[in-house]
Amino acid sequence: SQTIHQWPATLVQPVGSPLSLECTVEGTSNPNLYWYRQAAGRGLQLLFYSVGIGQISSEVPQNLSASRPQDRQFILSSKKLLLSDSGFYLCAWSVYRAGYTFGSGTRLTVV
Amino acid sequence: DQQVKQNSPSLSVQEGRISILNCDYTNSMFDYFLWYKKYPAEGPTFLISISSIKDKNEDGRFTVFLNKSAKHLSLHIVPSQPGDSAVYFCAASGNFGNEKLTFGTGTRLTIIP
């Protein structure tokens, strides 16, 4: 069965510190992978998506970057966090027209 | 530019009654629509979907209606149960080749016992 792992569950980081969130998928090959963010009082905003290894598309200009070093691994990074980077980050995967399966999310608080 | 809109940020419904959540979209290229349910501090979970070739899809207590001419869809939950209290997101995608889902801003549904 397909599963998605996302960690850590919660993270408190100071402004200006780096960030690395990791997401891995099991039980499927060549999935589309996504990073979403839910900011306080807002909906789900697509940050990055990837259709294959090394292929990253950015949806919004921001302080974050993403990488896909392996087929089932998706990493969200930042060199220097801003207060506005606080939010609930979600990783998801999909195969054609089967909808998304989301990870359990990471609550990031930048202080 | 919010292509998928959920104009009601919150909704309260008495237990046992019908809950109706609404969603509007602007992009006529969208042809596949989904509803997700989200509890606090968890990832959204898939609830029900509908393709643009249909106008209704039913799964147990959940029914989604699609009105393509109005670019409107709705989720009906009947009867509503306390466990249905959550945030519901409407999402849409088109055959753009990348499977991106565009989400609405969500509606917080509270079922009153």
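As the structure is a prediction and not an experimental result, all values here were calculated from the model. Each chain gets a letter, A, B and so on, in the order the sequences are listed, and its residues count up from 1.
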Interatomic distance, B:Leu75 atom CG to B:Leu34 atom CG [nearest 0.5 angstrom]: 11.5 Å
Max heavy-atom pair count under 4.5 Å with chain A, selected residue of B:Gly104, B:Ala41, B:Ser49: B:Ala41
Residue part contacting chain B, namely of A:Leu44, when any heavy atom lies under 4.5 Å: both
Option that, when pairs with chain A are counted at under 4.5 Å, heavy atom only, ranks first among B:Lys38, B:Gln6, B:Arg108: B:Lys38
Nearest heavy atoms of B:Leu101 and B:Ser93, plus distance in Å: CD2-CB, 3.6 Å
Between B:Gly106, B:Gly43, B:Pro44, the one whose heavy-atom pairs under 4.5 Å with chain A are most numerous: B:Pro44
A:Asp85 vs A:Leu19 side-chain heavy atoms within contact, under 4.5 Å: no
Contact winner vs chain B - A:Ser104, A:Cys91, A:Gly105, heavy-atom pairs under 4.5 Å: A:Ser104
Engaged part of A:Gln38 at the chain B interface, taking heavy atoms whose separation is under 4.5 Å: side chain
Aromatic centroids of A:Phe102 and B:Tyr36 separated by under 6.0 Å: yes
More than 12 heavy atoms of other groups within 6.0 Å of B:Arg61 CZ: yes
